[in-house]
Structure formats: structure tokens, C-alpha cells
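The structure appears below as C-alpha cells.
In the text below, chain A, chain B and the rest are named by the order of the sequence lines, each starting its count at 1. Keep in mind it's a predicted model, so treat the numbers as computed, not measured.
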Amino acid sequence: MSPSDILAIEKKWQDRWSSQKAAFVDTTAPDSRGTYLLVMLPYPSGDRLHVGHARTYFLTDALHRFYRQRGRNILCPMGWDAFGLPAENYAIERGIHPRESTLANIAAMKEQFQNWGVLYDWSKEVTTCEPEYYRWNQWFFLKMLEKGLAVRKKAPVNWCPSCETVLANEQAEGGICERCKNRVVQKELEQWFLTITKYADSLLSGLDSLDKWPEKVRVMQKNWIGRSVGADLKFDLPSLGESLWVFTTRPDTVFGVTALFVAPEHPMVPRLIENHPDRAGIEAWVSKVRNSDRIEREAETTEKEGRDTGIRARHPFTGAEIPVWIANFVIADYGTGALMAVPAHDDRDFAFCTKYSLPIVEVIRRPASADSSIACWTGEGTMVNSGRFDGLTSEAGREAIANEAASGGFGGPQVRYRLRDWLISRQRYWGTPIPVVYCDACSWVPVPESHLPVVLPKDAPFTGKGGNPLTKVESFVKTPCPKCGGPARRETDTMDTFVDSSWYFLRYLDPENSARPFDGDVARRWMPVTQYIGGIEHAILHLLYARFFSRVLKDLGLVEVEEPFAALFNQGMITRMSPSGRIEKMSKSRGNAVSLDPLIAEKGADTVRTYVLFLGPAEAEAVWSDEGIAGAERFLTRVRSVAARFLDGGTDPAARPAVADTPAARRRHKTVRLVTASFERFSFHTAVAHLMEFAREVADLLADPVADPGEKATSLRTLIALLHPVAPHLAEELHERMGGTQSLLSGSWPEFDPALAEEDTVVFAVQVNGKLRGQLTLPKAAAESEVLAAAEAHEPVARWLAGKERVKTIFVPGRLLNLVVR
RNA sequence: GCCGGAGUGGCGGAAUGGUAGACGCAGGGGACUCAAAAUCCCCCGGCCCUCUGAGGCCGUGAGGGUUCGAUUCCCUCCUCCGGCACCA
């Protein structure tokens, strides 16, 4: 068959699947329910999708088709994460409006999906940059405002000078902008936040129920949430008539406190230094620290620095006077932004106090077994120099001190999280307008629900200068105050695009709904998502936000489930040798991407799909090799020629086997069992391997002139049906030529008989002292005595038994006999 | 540093307590062909042997352990990859 024939057949089936709406599911029908298979929605980028991207879609499609063949009612939708910075930057560079380029990209990607033969229920398509979608972002925002879950507050935030916007904590990990990889700087700004921290405990404990999520992702989320158990303690500042709160995980070391450290951003800093003789010098130092970039400031290697405020605090237990310092390493928005320094038992405090010659007091005696050369003991031990607490273990001490603080009214047990509130304001055009109006008289006022959507104005000056183009669209900015009717200004910040992806899977279920974001009853029947598939890069960001949204929606009474994704699968990335000589993630910018379109035009989508699935375990990284595809190509060619030979031979394609139990039937049943199990455990590469093996067996069977015609036809039909998830075009075509009148997509998966799926004769391994000494072909059901008799009569085994005393015999039915001799 | 994951032929990998290397790539040999391509068949971890065999020994990062039997379970170590990292 020529390449053009192959492509023509692929086109024929693609057209047929799409015209017959093969993937359509009526989710809104009163009793509809089923399996929800979801793949992370793509960002419609201007670059065409390459091989590295395709893996997710191919394996999702294989599952989708497999489950359809097995008769499940399965929903697999697709949509577009259409807001985002690249489109806006493109507008600045090329003068093409983001909407225009985005819609063009969507059309191009959709065509690619069509050419790959991947099936989606396009009637559910969601495009997040459309007002019909983002109006519900605005609606959720208003609901969250009502509930106090959306708040405007001043906080230290990450500002990316290159993207000219603030970023959420999750999007500025390690002080690097997640998008452009530039360094971010700290700024103190008033911004909109979603109070994800209110759900910290629920987000953490919910992880335990996600037993079908990769352990890795759960651990990453757990660490990100960062729950710490300890105590809050109050230190009075008698000279100011105020007090300073600290959080510590080690209340047992409280008697070793020799200083308090506050963050340069701490609100009390101005008061602490107002009477300091070198106030100007300290202020200069504070602002220098505050303006430094995060990566520099948070690096562990950064030199610890501080300034003594001159203010003294009173130790709540000893009454001692201890100095209050401003320290550069104290993080403002963690805990209380202040901490108690215990240099004897904390490495950081030790480094700081040594540098500034602050006293070091040991209050935890290390266990006798511990290394005595370590200057700063941060482990557990026994309390000493701690008054009446002496002798307590660290563990008991933590509780005792915290309780003492509680009863004394100067603190108590406390749990703190590393997680920060989700900063959603973005000073960019291409996003969901935040539905708020600023009025001189009324402060900020929410846009009334009835005025939604606040539509993003089409015309905006994309100059790349002077920040957000939205601020320059007067017709958008100027608006009457919804409360007093006076002149007011609209909020020009837009929402983080992760808001869009936090609930799109709910909109898929009911995309036409114009009265509500989605129907609650539909959501009740289709949530949670049965299987979610996507890249590990979203382990924290998207998956955490979506889990947060689900909780909020549950509290709003819109959904019933707290966890939106029952099972998660992260496919491994595809790598390839770069021009630099390294094996790297496939990407256009690294110059190692393999374009899909030409490859498909040359070899057909089925071949590319088969090879990509065959590369290796789907969850592991896979190295692409240009030569390897030959194997997939040969395999499909063999299937074609085997089928052609059969069809030319004039045997009835619908024939059934005359006898149920034949060696060929056993191989067939076994293959069905193996391939079914492989798909069930996402082992696509072994599924293909079993199919390759079976294709050879079928070829041999068809070449056998005396074989049962019914067996031949059935084996070939089985091969075709099993091949469908991997190479659907070829499978559908051969199925049709074999007389199939209905698509393989509906309920065509072959059943297997467990009794026939096992070989009836097997090769028994005979071991002597655990070493293989012979192989005996015997009935699978052979009893121990039969195998033993055969083994003893078997010369190579007998040789090892001669003159030895038999100590023990281990028999594994159907597998092996091990004779232990002395 | 802490937390995950992984180390198996020339290469991708299979086998999760029971015959290590399924399936495929690359390589070698053969058939077909005037020839080539394609296709088909065979071989393909290393070493050893005057019993060339239904032969022996070694072999799944290294070392130890449990077991009749370990790629698989346990301990120690090495290497690589990923994540987090001044969060008190």
C-alpha cells in the first residue's frame, strides 16, 4: 500500500468519526453518567505541536478508544487555555491582536488533532478567552468576595520586570518568573488575593484520599503547603509599651533565646528604630534589603546581615532583657514575620549570633550517642538550663512550654503553613477583567452580578511601553460607580490565567449554559473526573488551584466533591539529542523537536501513534530515536499484508472456530488477556509488544493450509479489534473490509475465557539447588509427582542428583520444580 | 542538605519472589532479485570446554543479608535524574 493510500484511508476515517460525532456524549440528559477522561487543556501557541507534545494526546486517545470498545459511556472533551502572555507579547511584536492570533492558533491545533486521529467530544469545546466563559470567572470572583475568600490587601509580592506584572508565589519559585525565567523583585503592593490559605488544612488532608495520584505529586503538594506545628509566643517590649509575636517549631528551646529577629518588612520596624541614633543608616539598609531581588535574598548562601534596633524585649519565661534585631533572612509573610533566635540549636541563628557576637546558651543536651564535635545541635535532646523544665525531652518540652504560654496568656500552640494566599492580579491586558470599580467616594465596589460580563475591550494600544494597555482604554476605564453613580474607574488588572484552568472541566459538562457556570445536577453525575492526564509541570500550580476551587465551589453549594480529580496520570516527557549534544526535553527552542506534520504526511498517523506509544513506559521519560519508528512501520505493514492475504484467500471473514480449545485459540485468548491488562495499567508499550507478537502468530496461522478457517478469521478479527486503540484508522479500515458494519468504537473489545487464556502445556523449569538444570514440556496441570518423575528420568537433571541426598522439594504448579540436595 | 524516582545486552525496554533479557531498534548471516529496495527466515549478554552438549561458569550499579530460589524483599554505599531549599 502506498503512502498516499494510507493517508487517504486515514482521512476517510477521520472524516467519518467527525461527521458521525463518534465521541459525543449527552452529559445533560437526565440520567447520564459515565467515565470522565480528561487531558490537560493546551495553550494555543503559535508553534505547531511536535512529537514531544503528542504523547499525552496519543495515550489519552488510546484509553478513550479502549474504554469505548469496552462499552463504557466515556466523556473526553477538549478546550483551549486561551488567555495568556505569549499572545499579548506577540501583539506587541507583530501588531496582531491577541484574539486574532489565538483563534488562528486554535484552528491550526484543531486541525493537527484531526490529522492525528484523536477523538474528542467537540460539542463541549471551551475557549477561555470568550466572554461566555470568563464571565463565570468574574462571577466566582464576586461570590468569593461575598464569602471573604477574595480580598484586597497589601503584601510583599513578586514583580517580574520583564513581564511587567506581579506573580503568584507558585509562579515565582526560587525567585524566577515561571514564564520568562527572569528574576523577580519584591514589591509591596495592594493586590487581589484568593485566600487559599483558609483551605490549607483541607488541601493537605485531602491528599491522603488521592490514592490514585502519583506519590510524587502528593509529596510535592504536601511540601508546598508546608504544615508546621509549634507555638506562638509573645515578647513584651516594655520601652515601647508593645509586644512582638514570634512563631517557633521549637518551643522547647525557649530558654536559649538570646535575641529576636524581625523581617525588614515587619510593620513594627519604623517604631523599633524611631529613636535609634543611626535611624537614617538603618532605614537605608532596610530599604536596600527590601529592594533586592528574591533569588539573591533567599539564597541560603547569602550572607546573613542585621541591625540592632536598640530595643529590648522581656523574655516571657526568664524576664531577661534580650535585644531585638532586624535580620535580612527573616521572611516577612511567613508566621508572624518575626522569630526568636536560639543560636545554640538553630544553624541560621548560630551563624548570625556568632557573626554579631550575641550570646549562645545551650538548653538542649544532645544524646550521649550524638557527635560531640557539632557546634550547633539542632536535633532532639534533654532540656537543660531551662529552670523547672530541666530534664524533659524535647518532645515533652515543646508541649509543656506551649501550654504554659497558653495558660500565662502570652502564646500557645500554633500551626502554620508555608502556603501563601494566591495573588491573582495581573497588570496585563489578555486576561479576565477583575469585576471591581474604584470610586473616590465608595472605595472599591464589586460590579453587580447583573452587569457581567465585564467585557475585555477589543481595541487597546499594544505598544509594549507604559504597562498594561487596558489602563489607556478610556471607554473601559471610565464608568459610573455601581453604588453611588458618581464617576469611577474600573479595575484594569486582569486575573491570573490559572483561574481559567481551575474549573474548565466543570464547564465542559455544560458548556451552553448561559444562566449558570454549569448545572449542579450534571456536575453531581459527572464529577469527579475519573482519570486526569497531563504533565508533571502542573504538580503544584494548576492542580493545587483546581483543588482549591473545588473546595470553594463546594462551599458555594455548586459541586458535591472536594477533590476534582479521582485519578491522575503524569506522562513522561519525550527527550532527544540536542545540537548541543545533550539529551534534553524536546522543544523548538532547543532545536531538537521532531515536527509531527511532515512525519505523519510521510508515514501516516497510525505509525507515529504506534511508535510513540511503544517508546517505553508512559510515565517515564522516553528518548526519541529517528530509526526506531521503522519497527512500528514494519509491524503495521505486516498487519496490512496479513489481512490482505486473508481477504484474497476467500475465507469467510465472519467464520467462527469449529473447536473452542485449540493451541491457536489459547494464544488468542491469552493475547486478549495480556493486551487488556496492559491498557488497564497504562502499559501501552507492552500492549504494542503483545500485539506485535500476536501479529506474527496470526500470520503463521493464516499460512497454515490445514488450520480451521473459523480460527483464522476469528484470530484476525481479534487482532484488528485489539489494534484499534493504537492504530485506529487501520483497524477501522480492516474491520470494515472484514465485513464490519459498525465502528469498532462501540463495544467491540473481545472477551477472553480465563481458562483458555492459559497455555495447556507449559515448560517446567527444573532446578537443582536453585540452579536451572533442565526444562520439561508437560501439561500445565501436571502434579508434583509427575513432574518429579519426569525430572528424575531426565538425563541432565539426573546427573546433578546422582549420589546426592534429597533434602527438600519445592514445587510451583505450572511453573517449576526445585530439588534441594546435599 | 532534605524529599522523591531510577540504575538490566550496543540502544529503548520486558519480567514485582519462581526459566533474566519478551517486544523492538541497530548489527551479522541467508532466501527472493540481473541488481537494489521492500519482504521473509535464522543468529545476536560475556567467558570456558580433546564429552560442541538437553554442556559449564559468570551476569540485572557495588557490597552484605533474608530465602530452596532475589532484577524483584531488607540493610549499607555509589552514580544519575527530578523536586524543594534561610519557611523559624
Side-chain angles (χ1 to χ4, degrees), chain A residues 173-174 214-220 222-224 226 228 230 246-250 253 261 263 297-302 304 327-342 346-349 351-352 416-420 536-537 539-540 572-573 575 583 610-611 614-617 619-632 634-635 637-638 641 674 683 685-696 699 703 762-776 794-797 799 807-812 814-821:
Chain A
E173 271 196 60
E215 176 69 11
K216 180 181 178 153
V217 175
R218 279 157 43 190
V219 169
M220 282 169 76
K222 190 177 169 208
N223 293 341
W224 187 262
S228 292
V246 302
F247 171 66
T248 178
T249 53
R250 293 295 302 270
T253 65
F261 297 157
R297 186 167 159 197
E298 288 192 3
E300 208 170 343
T301 48
T302 299
K304 290 183 178 30
N328 65 344
F329 69 94
V330 181
I331 290 165
D333 56 347
Y334 179 74
T336 61
L339 59 94
M340 59 181 217
V342 185
D346 181 283
D347 290 325
R348 298 154 301 184
D349 299 346
F352 191 97
R416 298 267 181 191
Y417 298 90
R418 207 187 79 116
L419 184 71
R420 307 295 205 276
I536 186 76
E537 64 273 17
I540 293 175
M573 63 189 180
T575 59
I583 301 281
T610 304
Y611 181 52
F614 188 59
L615 276 175
E619 69 280 3
E621 183 180 289
V623 184
W624 176 273
S625 94
D626 295 334
E627 296 76 43
I629 198 166
R634 284 181 198 134
F635 163 57
T637 301
R638 190 174 309 122
S641 68
L674 290 171
S683 183
H685 67 308
T686 57
V688 174
H690 295 310
L691 288 171
M692 287 172 164
E693 214 168 349
F694 188 52
R696 285 193 187 277
V762 295
V763 179
F764 276 84
V766 180
Q767 298 179 335
V768 178
N769 288 346
K771 284 192 184 276
L772 184 71
R773 298 302 180 190
Q775 292 173 309
L776 300 169
H794 186 58
E795 193 273 329
V797 175
R799 216 184 321 149
V807 180
K808 197 172 176 182
T809 305
I810 288 103
F811 180 68
V812 183
R815 302 209 72 146
L816 138 160
L817 180 72
N818 185 13
L819 304 170
V820 185
V821 297

Residue closer to the 5' end of RNA chain B, G770(A) versus V623(A) (nearest nucleotide): V623(A)
What's the CD-P distance between E619(A) and A6(B), to the nearest Å? 10 Å
State the pairing partner of A36(B); accept Watson-Crick or G-U wobble contacts with both distances under 3.5 Å, and report none otherwise. none
Below 4.0 angstrom from OP1 or OP2 of C58(B), is there any side-chain N or O of K771(A)? yes
Need one value for T248(A): base, sugar-phosphate or nothing, where a base atom within 4.0 Å counts as base even if backbone is also close, heavy atoms only. sugar-phosphate
Separation of A26(B) C1' from F614(A) CZ (nearest whole Å): 14 Å
Heavy atoms of A695(A) and F635(A) approach each other most closely as CB-CE1, 3.8 Å
Expressed in whole Å, how much space separates the C1' atoms belonging to G45(B) and A20(B)? 10 Å
As a test of the definition: with a 90° window around 0 for syn, would you call G9(B) syn or anti? syn
Please report the closest heavy-atom contact between V342(A) and T253(A), naming both atoms and the distance. CG2-OG1, 3.4 Å
What's the closest nucleotide to the side chain of K808(A) if the choices are C68(B), A88(B), A26(B)? C68(B)
For G53(B), give the paired nucleotide (Watson-Crick: N1-N3 plus N6-O4 or O6-N4; G-U: N1-O2 and O6-N3; both under 3.5 Å), or none. C49(B)
Which pair of heavy atoms, one from V330(A) and one from F261(A), lies closest together, and at what distance? CG2-CB, 3.7 Å
Spacing of the C1' atoms in G61(B) and U71(B) (rounded, Å): 12 Å
Is R634(A) close enough to A38(B) that one of its side-chain N or O atoms is under 4.0 Å from OP1 or OP2 there? no
From the set G69(B), G83(B), C86(B), return the single nucleotide nearest to any side-chain atom of N818(A). G69(B)
R773(A) side chain near G56(B) phosphate (N/O to OP1/OP2, under 4.0 Å): yes
T809(A) side chain vs L819(A) backbone, donor-acceptor pair below 3.5 Å: no
For M573(A) and G5(B), what is the distance between atoms CE and C1' respectively, to the nearest whole Å? 13 Å
Using 4.0 Å as the upper bound for N to carboxylate O, is an ion pair formed by R420(A) and D333(A)? yes
Given that G774(A) and S683(A) both sit by RNA chain B, which one's nearest nucleotide is further toward the 5' end? S683(A)
Looking at C68(B), A88(B), G18(B), which one has an atom nearest to any side-chain atom of F329(A)? A88(B)
Report the distance from atom CG of N223(A) to atom P of G4(B), rounded to the nearest whole Å. 9 Å
Tell me: NE2 of H794(A) to P of A54(B), nearest whole Å? 10 Å
Nearest of A22(B), G24(B), C3(B) to any side-chain atom of V219(A)? C3(B)
Between A263(A) and I331(A), what is the shortest heavy-atom contact and its length? CB-C, 4.2 Å
Using a cut-off of strictly less than 4.0 Å, decide whether T686(A) has a side-chain nitrogen or oxygen near OP1 or OP2 of C23(B). no
Taking A54(B) as the reference, what is the distance to C73(B) when you measure between their P atoms (whole Å, please)? 37 Å
When both distances are under 3.5 Å in a Watson-Crick or G-U wobble arrangement, the nucleotide paired with C80(B) is G5(B)
Closest approach to the side chain of L816(A), judged atom by atom: which nucleotide of G18(B), C86(B), G12(B) is it? G18(B)
With sugar-phosphate meaning primed atoms plus P, OP1 and OP2, does V342(A) contact a base, only sugar-phosphate, or nothing at under 4.0 Å between heavy atoms? nothing
Proximity to the side chain of R638(A) - top-ranked nucleotide from C68(B), A22(B), C40(B): C40(B)
With rounding to the closest Å, how many angstrom separate the C1' atoms on A26(B) and G13(B)? 14 Å
For the side chain of I331(A), starting at C-beta, report the closest nucleotide among G13(B), C86(B), C23(B). C86(B)
Which one is paired to A15(B), where only Watson-Crick or G-U wobble pairs with both distances under 3.5 angstrom count? none
Would you say R218(A) reaches G4(B)'s phosphate, i.e. side-chain N/O to OP1/OP2 under 4.0 Å? no
Cationic tip of K304(A) within the cone over F329(A)'s six-membered ring, i.e. under 6.0 Å and within 45° of the normal? yes
Taking all atoms of both residues into account, what is the closest heavy-atom pair of S228(A) and Y334(A), and its distance? OG-OH, 3.5 Å
Nearest heavy atoms of V821(A) and V768(A), plus distance in Å: CG2-CG1, 3.9 Å
Of the candidates C23(B), A26(B), G4(B), the side chain of E693(A) sits closest to C23(B)
Between A14(B) and H685(A), is there an OP1 or OP2 to side-chain N/O distance shorter than 4.0 Å? yes
CZ of R418(A) versus C1' of A88(B): gap in Å, rounded? 13 Å
Quickly work out the D347(A) CG to G1(B) C1' distance and round it to whole Å. 10 Å
For E627(A), which contact category applies under a 4.0 Å heavy-atom criterion: base, sugar-phosphate, or nothing? sugar-phosphate
For T637(A), report the nucleic acid contact type (base, sugar-phosphate, nothing); a contact means any heavy atom under 4.0 Å. nothing
Between G82(B), C3(B), C86(B), which nucleotide gets closest to the side-chain atoms of K304(A)? C86(B)
Under 3.5 Å, is there any donor-acceptor pair linking the side chain of K222(A) to the base of C3(B)? no
Interatomic distance at C1', C75(B) relative to G24(B), whole Å: 37 Å
Separation of the P atoms in G56(B) and U52(B), to the nearest angstrom: 14 Å
Could you state the atom-to-atom distance from CD of E621(A) to P of G82(B) in whole Å? 8 Å
Inter-nucleotide C1' distance (C3(B), C11(B)), Å rounded: 32 Å
Counting any heavy atom closer than 4.0 Å, what does V330(A) reach on the DNA or RNA strands: base, sugar-phosphate only, or nothing? base
Using a cut-off of less than 4.0 Å, is there contact between a side-chain N or O of R696(A) and OP1 or OP2 of C41(B)? yes
